[in-house]
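Both counts, for ligands and for their atoms, begin at 1 and track the order of listing. By convention here, the first residue in the shown sequence is residue 1. Side-chain atoms are counted along with the backbone in the values below, which use heavy atoms only and exclude waters and symmetry mates.
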Amino acid sequence: MLPVSSILITFRSSRHHHHHHHHRLLRRFFSSTARPITPPPLDHLLSTLSHPIYMIWGSNTGVGKTLVSAGLADSVLSTSARPITFNYIKPVQTGFPLDSDSRFVYRKVSEIFAARKPKPNFTLSASNRAIKGSSSVGLGELGACEERVVGEGGVVESQLRCETVFSWREAISPHLAVEREGGPVGDAELVESLRRCLGVGDGGDWTIIETAGGVASPGPSGTLQCDLYRLPAILVGDGRLGGISGTISAYECLTLRGYDVVAVILEDRGLANELPLMSYLRKRVPVLVLPTIPEDPSNNLIKWFGESHGVFCSLKETILSAYSERVKRLHEMPQKAGNILWWPFTQHGLVQEENVTVIDSRCGENFAVYKGGNHGFVEQFDACASWWTQGPNATLQVELARDMGYTAARFGHVMFPENVYEPALKCAELLLQGVGQGWASRAYFSDNGSTAIEIALKMAFRKFALDHGILLNSQHGSMFGRPNEFKVLALNGSYHGDTLGAMEAQAPSSYTGFLQQPWYTGRGLFLDPPTVFISDGHWTLSLTNALQPEVLRSEDMTFTSSDEVLCRSRDHSNLARHYSAYIVQKLSSFSQLGSFTLIGALIIEPGKTALIQAAGGMHMIDPLFQRVLVKECQSRKIPVIFDEVFTGFWRLGSESAAEILGCLPDIACFGKLMTGGIIPLAATLATDAVYNAFKGDSKLVALLHGHSYSAHAMGCAAAAKAIQWFKDPLTNHNISVDQRQLIELWDSELVQKISSHLAVKRVVPLGTLFAVELHAEGSDVGYSSLYASSLIQKLRAGGIYTRPLGNVIYLMCGPCTPPHICNQLLKKLYGQLHEFSQSRWAEVCSVEV
Ligand SMILES: *[C@@H]1O[C@H](CO)[C@@H](O)[C@H](O)[C@H]1NC(C)=O
Ligand SMILES: *[C@@H]1O[C@H](CO)[C@@H](O)[C@H](O)[C@H]1NC(C)=O
Ligand SMILES: *[C@@H]1O[C@H](CO)[C@@H](O)[C@H](O)[C@H]1NC(C)=O
Ligand SMILES: *[C@@H]1O[C@H](CO)[C@@H](O)[C@H](O)[C@H]1NC(C)=O
Ligand SMILES: CC(=O)N[C@H]1CO[C@H](CO)[C@@H](O)[C@@H]1O
């Protein structure tokens with residue numbers, strides 16, 4: 001027992017130095033009506049990197065997590081050469097106040113300290129607080145207490161700060177306690193309160209957070225704790241009979257969710273459980289063994305802690321070295337990356353070390369970005385959707401990770417021709433019932449969007465040749481004894497992928513010049529499309545000179561709403577006839593060029609209201625123009641390809657952009673969001689008629705094309721999950737009542753405001769995309785422009801990760817991103833635009849003066 005003279009116990013009820021802003025919350029926390037209103041849960045628990053912050057997990061309940069916490073705290077405090085602060089946090093405690101792990105740690109560490117011989121040469125000041133309790137927890141049972149154990153030296157003072165955040169009276173699982181005694185805590189609230197604890201004061205020198213029960217025990221809301229917070233972890237294993245299995249399961253559960261487990265520690269129960277564990281963990285993770293814990297409840301464990309001191313010191317060293325290794329690695333990453341990586345679409349000559357973003361992890365739509373030094377991490381919304389691929393929120397991300405694990409374990413990779421396996425079949429069924437509904441009968445798998453396009457071109461040219469009697473005239477695909485050249489009809493500014501064949505289908509651009517692609521010839525007839533956008537609050541149509549805008553009336557050129565842009569009655573307008581005449585004229589002047597060159601396919605990116613010319617600066621093409629184009633081509637038996645790699649799977653607000661355009665293709669390509677973006681996979685869908693063009697007795701007639709990873713099982717499994725997830729109103733709350741569209745994600749008032757901003761030329765809000773073109777002149781216009789980079793820097797500092805397309809900036813969310821998050825993004829953008837235009841203005845003035 002503690003020598004009373006050396007302990008000073010004070011009970012404090014009103015003020016506390018380090019946590020005073022919590023103190024007002026020292027109330028019975030919540031009536032059962034109190035629901036969280038904070039943003040979505042399951043975020044990164046962002047922390048500083050200024051000191052080790054680790055979570056203590058148990059492979060089950062009752063394996064000694066609290067003893068490990070106390071032992072670790074003692075080993076850190078008692079071996080430190082300087083005064084330090086050690087934080088212990090218990091976010092969720094049931095059985096309170098009888099059970100209180102934070103009180104145990106607080107008392108036990110003080111006791112061990114007082115009992116230590118020889119006396120430590122410094123003073124320990126320990127405190128414990130319980131912040132919030134359900135209504136069954138008495139008010140008097142919450143509060144703080146503090147004691148000081150005076151050591152030999154007396155002057156130097158280290159601190160142990162223990163804290164229980166939420167507590168319930170019954171000793172049962174937190175979700176059940178909530179059910180029985182109220183005091184619900186939303187996931188967001190729980191994470192947020194932990195964040196606050198981590199951010200309090202100077203942060204201290206060490207922090208450990210002890211979870212409740214086992215790894216997969218539910219938290220107060222019913223969400224599994226392993227799905228609640230992701231910080232580096234210590235796993236307390238189970239030394240009892242059955243403990244090997246339990247420990248491995250817990251370990252798998254954590255690693256499958258992206259946790260770094262830096263050590264496993266378990267009690268010795270005479271079964272040598274550590275040996276199979278070490279063998280399973282391949283010595284990658286240290287396994288530490290503690291002496292058997294005395295079962296006699298009257299034992300104060302001081303002796304056991306003494307015997308365990310060495311093991312806890314090893315645990316401490318293990319953690320410290322994992323921590324410093326991590327900090328070191330993060331710190332050197334930008335420089336190392338700059339030395340050995342060759343980034344796509346990047347001029348390395350313009351990248352300095354400080355421009356490199358170190359992404360520690362992703363959680364739903366957010367990156368955890370390392371900020372250098374000891375600053376730790378900040379959260380940035382991935383507003384590029386990582387090259388337009390991403391859609392999952394944190395829940396779907398974990399779902400996909402689990403499916404990936406299962407599928408990799410079950411199939412690894414298996415080859416595809418004349419084979420079938422469940423993920424591939426399921427995925428094909430979902431594609432044909434979904435984006436292919438009503439027109440496609442076949443799904444052809446490849447590995448990415450670019451190759452899906454090349455396959456589509458091959459399909460289209462065969463179909464064209466068959467329909468136009470070219471195959472009948474000659475077995476060698478030539479007419480009049482001379483080879484035909486096939487070209488595509490496409491739009492100026494379009495982009496269909498990076499492979500050499502796919503590049504032939506795009507008009508000359510920065511990507512196709514001699515510098516980039518000396519093989520490029522540009523096999524297409526490229527039309528200049530009309531675009532629509534919001535400028536100064538009004539929907540406006542813009543035609544290039546080729547389309548002779550001067551002959552149109554102004555009422556043909558403006559719209560009151562996006563609904564009017566979409567309206568099918570425009571098919572009978574003056575403008576429709578105008579478009580048709582332009583297209584017919586282009587096609588006929590092309591065919592006069594020579595009969596050996598033929599337009600073998602139309603390829604466009606369709607949009608909700610039209611096409612987004614992604615690489616050309618996120619333009620939205622007038623949907624009427626695309627409809628007329630499709631009609632003219634189909635009447636000439638020119639196969640129509642929709643490139644939906646970017647636009648498909650809700651990117652533009654509907655599952656397939658074609659659906660809203662209001663016409664059907666012969667062939668369509670999908671990729672990116674199809675798998676939720678977790679792994680690359682692409683599909684080319686085709687009609688029966690296209691498929692039949694390859695059917696016959698000879699293998700030579702078949703589509704002789706394939707990829708090593710055609711229909712790979714993991715991609716197909718991911719696609720099957722993502723496709724269903726995005727369209728089910730139960731898993732995607734943004735699905736509208738008619739289930740065909742996403743609700744409007746971008747607040748119309750803010751959109752209007754931004755479109756009227758002085759610095760802004762036009763905006764395009766479309767499904768998950770919001771694009772802004774800034775006013776710019778001369779060399780500031782276009783892809784190579786660095787015009788927007790100061791704005792980009794500001795947005796990043798404000799928590800939005802974007803990359804510019806020249807003077808175009810865009811925000812992209814996922815199909816499930818809640819509208820209030822989109823609102824926050826727009827607000828930040830609006831705020832930054834203001835500063836941006838002021839600084840531009842200042843620049844212009846200083847030049848002129
Ligand atoms: C790189 O970072 C510097 C300093 O933060 C900044 O001034 C510069 O514009 C950045 N360069 C690019 C290409 O973003
Ligand atoms: C797609 O795959 C092809 C072939 O596997 C590869 O050459 C190409 O770079 C890939 N394209 C993209 C955009 O990843
Ligand atoms: C295609 O677009 C570019 C850039 O906007 C323009 O310079 C060019 O004249 C256009 N070409 C055609 C054929 O319209
Ligand atoms: C993900 O979205 C689904 C449905 O929209 C929702 O039930 C779930 O809570 C979300 N997850 C997160 C972490 O926000
Ligand atoms: C139409 C609809 O159900 N909209 C929902 C979209 O999701 C947010 C929250 O994420 C809900 O508040 C909306 O009601």
**OP:** Please work out which of the three classes, parallel, tilted or perpendicular, describes the rings of F770 and W746, given edges at 30° and 60°.
**Re:** tilted

Subject >> Distance-only N or O hit between ligand 4 and N732, under 3.5 Å >> reply: no

Original post:
Who gets closest to atom 3 (C) of ligand 4 by heavy atom: N393, T395, T223?
Top reply: N393

Original post:
Does a salt bridge link R410 with D403, judged by any charged N lying under 4.0 Å from a carboxylate O?
Top reply: no

Original post:
Within the distance-only criterion (no hydrogens, no angle test), does the side chain of H538 pair as donor or acceptor with the backbone N or O of S561 below 3.5 angstrom?
Top reply: no

Original post:
Of all residues at least two apart in sequence or in a different chain, which pass the salt bridge (charged side-chain N to carboxylate O under 4.0 Å, His left out) check with K426?
Top reply: none

**OP:** Could you tell me whether K827 and D747 make a salt bridge, using a distance below 4.0 angstrom between a side-chain N and a carboxylate O?
**Re:** no

**OP:** Provide the number and element of each atom of ligand 4 under 4.0 Å from a heavy atom of A394.
**Re:** 13 (C)

Subject >> Close aromatic pair by centroid cut-off 6.0 Å: F726 and F649 >> reply: no

Original post:
Do NZ/NE/NH1/NH2 and the carboxylate oxygens of K90 and E163 come within less than 4.0 Å?
Top reply: no

What are the distances between nitrogen or oxygen atoms of ligand 5 and protein nitrogen or oxygen atoms, counting only those under 3.5 Å?
{"from": "ligand 5", "atom 1": "3 (O)", "to": "H733", "atom 2": "O", "distance (Å)": "3.0"}
{"from": "ligand 5", "atom 1": "4 (N)", "to": "H733", "atom 2": "O", "distance (Å)": "3.3"}
{"from": "ligand 5", "atom 1": "7 (O)", "to": "N734", "atom 2": "OD1", "distance (Å)": "3.4"}

Original post:
Can you tell which part of T731 has a heavy atom less than 4.0 Å from ligand 4: side chain, backbone, both or neither?
Top reply: backbone

